[in-house]
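Working notes for the structure below.
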2 protein chains.
Amino acid sequence: MTQAPDLQAKKQPRQARAKATVEALLDTAARLLASEGYAAVTTNRVAELAGVSIGSLYEYFPNKEALVAAALARALREIVAEVTLGLREALARPDQPRGGIDHWMRAMVAALEQREALLRAALREVPFLWSISEVRELSNTLQQVAQEGRYKSSRLVHFEDPEASTYLLMSMVWSAILQAVLYRPPHLSRERLIHTLVEMVLKLL
Amino acid sequence: MTQAPDLQAKKQPRQARAKATVEALLDTAARLLASEGYAAVTTNRVAELAGVSIGSLYEYFPNKEALVAAALARALREIVAEVTLGLREALARPDQPRGGIDHWMRAMVAALEQREALLRAALREVPFLWSISEVRELSNTLQQVAQEGRYKSSRLVHFEDPEASTYLLMSMVWSAILQAVLYRPPHLSRERLIHTLVEMVLKLL
DNA sequence: AGTGGTTCCGAGCATTCGCTCGGGTTAGCT
DNA sequence: AGCTAACCCGAGCGAATGCTCGGAACCACT
């Protein structure tokens with residue numbers, strides 16, 4: 001398998017001007033990846049579109065991979081934050097458990113749909129995706145969030161193997177939503193997806 | 001997004017000698033993709049490792065993408081065949097429904113595990129994966145297999161929306177297995193995965 | 001105004017890789 | 001044997017791309 005590249009940031013921007021440069025580079029990299037795919041993300045092009053010279057790019061990122069990794073890590077952190085917030089809101093609702101689960105599902109769908117193109121390109125084309133720490137830790141993070149939901153809600157999962165069940169249930173729901181958002185199966189609208197998933201989860205709890 | 005490349009075969013091998021050449025190229029491409037990732041699959045390298053000249057490679061494949069696509073399509077057809085066979089065997093078992101479901105799950109896990117590295121590289125790195133027709137049709141094919149299983153088994157799924165439910169259930173189980181095989185979560189052994197999945201599916205039927 | 005650190009610049013180097021093309025070799029047939 | 005089509009060969013072309021490097025411009029501080 002391909003060797004994991006160096007993803008460490010090279011240098012920290014100190015002045016405000018430099019911070020803006022780095023932000024512009026990250027934005028442009030993400031935009032380009034989402035709209036034209038990984039092959040279109042060339043360092044020269046990113047620098048040009050960001051209104052920055054290629055030399056400046058290499059002041060803050062050791063190589064191309066580190067740039068893309070930073071852009072993806074930022075997007076992933078946003079997603080995790082939104083899903084976590086969604087769970088908190090879900091637990092606060094009076095119409096448990098259906099209302100809570102429904103709300104949480106919608107939060108996940110929204111978080112993924114907002115970044116649909118970026119996620120598609122990342123998952124399908126970025127070779128070093130799994131050497132980005134935020135990506136590797138995602139499933140653990142999600143599992144922790146799910147466990148928290150299980151503890152705090154009044155309902156409990158009744159399985160012989162609650163740990164594996166929670167992990168699998170979360171993993172399955174997440175995969176199904178991701179799949180549906182990215183692949184858009186023609187006969188499965190967003191509403192139908194959410195409703196069916198809610199029913200299935202309720203049946204399992 | 002990147003434009004879909006031409007994946008049509010250029011010319012058919014007629015003599016046995018030529019057929020062997022094509023097979024060697026497909027084998028080598030798959031092996032290289034599985035062991036070193038997509039970046040390592042260069043046409044010159046594939047030809048060299050296959051013991052064939054680069055000129056001969058381009059006799060039978062119009063471009064690099066078509067070569068990789070052909071190798072992946074072959075692997076996918078094998079997987080579908082094994083999963084379909086697994087369902088037939090499952091339906092013939094006396095210990096329904098648990099024994100059948102368990103058997104089918106094992107068939108899926110085995111089919112995917114056998115090609116673990118190849119699938120990992122394909123799913124993570126091959127940019128044009130979704131312009132391969134066998135890939136695009138996979139989820140439909142699987143759904144049809146699942147529908148067949150639902151009809152032929154004595155048990156029926158009792159959902160308000162049986163079509164969406166079957167699709168989602170199949171999609172979720174498939175994703176969960178694929179996920180588990182490719183990412184090998186540390187606390188989820190094969191046995192634990194299969195057992196938990198069987199329990200969940202039984203609970204949903 | 002001087003100074004040292006920070007930021008920015010962009011032409012071009014070095015390398016890689018997909019693919020062509022002109023020509024040689026082999027198989028199958030009469 | 002002679003002929004044609006199928007098959008095979010591999011040096012090298014052309015284009016793309018990651019990244020360097022020497023130096024200019026800018027900022028914050030005294």
Side-chain angles (χ1 to χ4, degrees), chain A residues 2-29 32-33 36-71 125-128, chain B residues 2-29 32-33 36-71 125-128:
Chain A
T2 318
Q3 193 67 332
D6 179 18
L7 302 183
Q8 297 307 310
K10 194 180 193 175
K11 193 171 85 175
Q12 294 303 322
R14 288 176 155 42
Q15 305 174 5
R17 179 172 59 138
K19 287 197 175 108
T21 299
V22 169
E23 283 303 304
L25 287 170
L26 291 178
D27 289 345
T28 306
L32 209 50
L33 180 56
E36 300 187 35
Y38 185 63
V41 183
T42 70
T43 52
N44 286 295
R45 191 120 174 271
V46 170
E48 187 188 4
L49 288 178
V52 164
S53 103
I54 179 65
S56 298
L57 189 156
Y58 281 95
E59 291 286 323
Y60 303 104
F61 301 98
N63 49 47
K64 176 187 167 183
E65 285 77 17
L67 169 65
V68 176
E125 301 185 13
V126 175
F128 54 90
Chain B
T2 317
Q3 194 66 331
D6 178 17
L7 302 184
Q8 298 306 312
K10 195 180 194 176
K11 193 172 84 174
Q12 295 302 324
R14 288 177 163 27
Q15 305 174 3
R17 180 172 57 142
K19 285 195 174 112
T21 299
V22 169
E23 283 302 305
L25 287 169
L26 291 177
D27 288 345
T28 306
L32 210 48
L33 180 56
E36 300 189 33
Y38 184 63
V41 183
T42 70
T43 51
N44 286 293
R45 190 118 177 272
V46 170
E48 187 188 2
L49 287 179
V52 164
S53 103
I54 179 66
S56 298
L57 189 156
Y58 280 95
E59 291 286 322
Y60 302 104
F61 301 97
N63 49 47
K64 176 187 167 181
E65 284 77 16
L67 168 65
V68 175
E125 301 185 12
V126 174
F128 54 90

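Everything numeric in this text was worked out from a predicted model, so none of it was measured.
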Sequence neighbours left out, what passes salt bridge (Lys or Arg N to Asp or Glu O under 4.0 Å) with B:Glu23? Give chain and number order.
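Applying salt bridge (Lys or Arg N to Asp or Glu O under 4.0 Å) to B:Glu23 gives B:Arg74.
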In Å and rounded to the nearest 0.5 Å, what is the CG to CG distance from A:Asn44 to A:Leu49?
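If I round to the nearest 0.5 Å, the distance is 11.0 Å.
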Spacing of CD belonging to A:Glu48 relative to CG belonging to A:Leu57, to within rounding of 0.5 Å:
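The distance works out to 12.5 Å.
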Check whether A:Glu125 reaches the backbone of A:Tyr38 with its side chain - one donor and one acceptor, N or O, closer than 3.5 Å.
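The answer is yes, because a donor-acceptor pair under 3.5 Å joins these two groups.
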Return yes if some donor-acceptor pair links the side-chain N/O of B:Asp6 with the main-chain N/O of B:Asn63 below 3.5 Å, else return no.
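Not a single qualifying donor-acceptor pair exists.
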Could you tell me from which nucleotide to which nucleotide of DNA chain D, 5' to 3', there is an atom under 4.0 Å from chain A heavy atoms?
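Boundary nucleotides touching chain A, in 5' to 3' order, are D:dT17 to D:dC27.
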Which heavy atom of [X] sits nearest to which heavy atom of [Y], and what is that distance?
X       : Y       : value
B:Ala29 : B:Val41 : O-CG2, 4.3 Å
A:Ala66 : A:Pro62 : CB-CD, 3.6 Å
B:Leu25 : B:Leu67 : O-CD1, 4.1 Å

Using the ring of B:Phe128 (Phe, Tyr or Trp, six-membered ring only), decide whether B:Lys64 places NZ or CZ under 6.0 Å from its centre and within 45 degrees of its axis.
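No, cation not above the ring by the 6.0 Å, 45° rule.
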Set of residues satisfying side chain to side chain contact (heavy atoms under 4.5 Å, CB included) with respect to A:Glu59, sequence neighbours excluded:
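For A:Glu59 the side chain to side chain contact (heavy atoms under 4.5 Å, CB included) partners, ignoring immediate neighbours, are A:Lys11.
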B:Val126 and B:Leu33: side-chain contact (heavy atoms from CB on, under 4.5 Å), yes or no, with the steps?
CA-CA 9 Å; B:Val126 174; B:Leu33 180 56; 4.3 Å; yes
Go through residues 54-69 of chain B and report each residue with a non-hydrogen atom lying under 4.0 Å from DNA chain D, sorted by number.
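Those residues are B:Ile54, B:Gly55, B:Ser56, B:Glu59, B:Tyr60.
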Selection: residues 44-53 of chain A, any non-hydrogen atom under 4.0 Å of DNA chain D
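Only A:Asn44 qualify.
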Below 4.0 Å: OP1/OP2 of C:dG18 and any side-chain N or O of B:Thr43:
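Checking C:dG18 against B:Thr43, a side-chain N or O does come within under 4.0 Å of OP1 or OP2.
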Kindly state which residues belonging to residues 14-22 of chain A come within less than 4.0 angstrom of DNA chain C, counting heavy atoms of the residue only, listed by number.
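Of all residues in residues 14-22 of chain A, the ones placing a heavy atom under 4.0 Å from DNA chain C are A:Arg14, A:Gln15, A:Arg17, A:Ala18, A:Thr21.
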Check the pair B:Tyr60 / B:Leu26 against side-chain contact (heavy atoms from CB on, under 4.5 Å), numbers first and verdict last.
CA-CA 11 Å; B:Tyr60 302 104; B:Leu26 291 177; over 6 Å; no
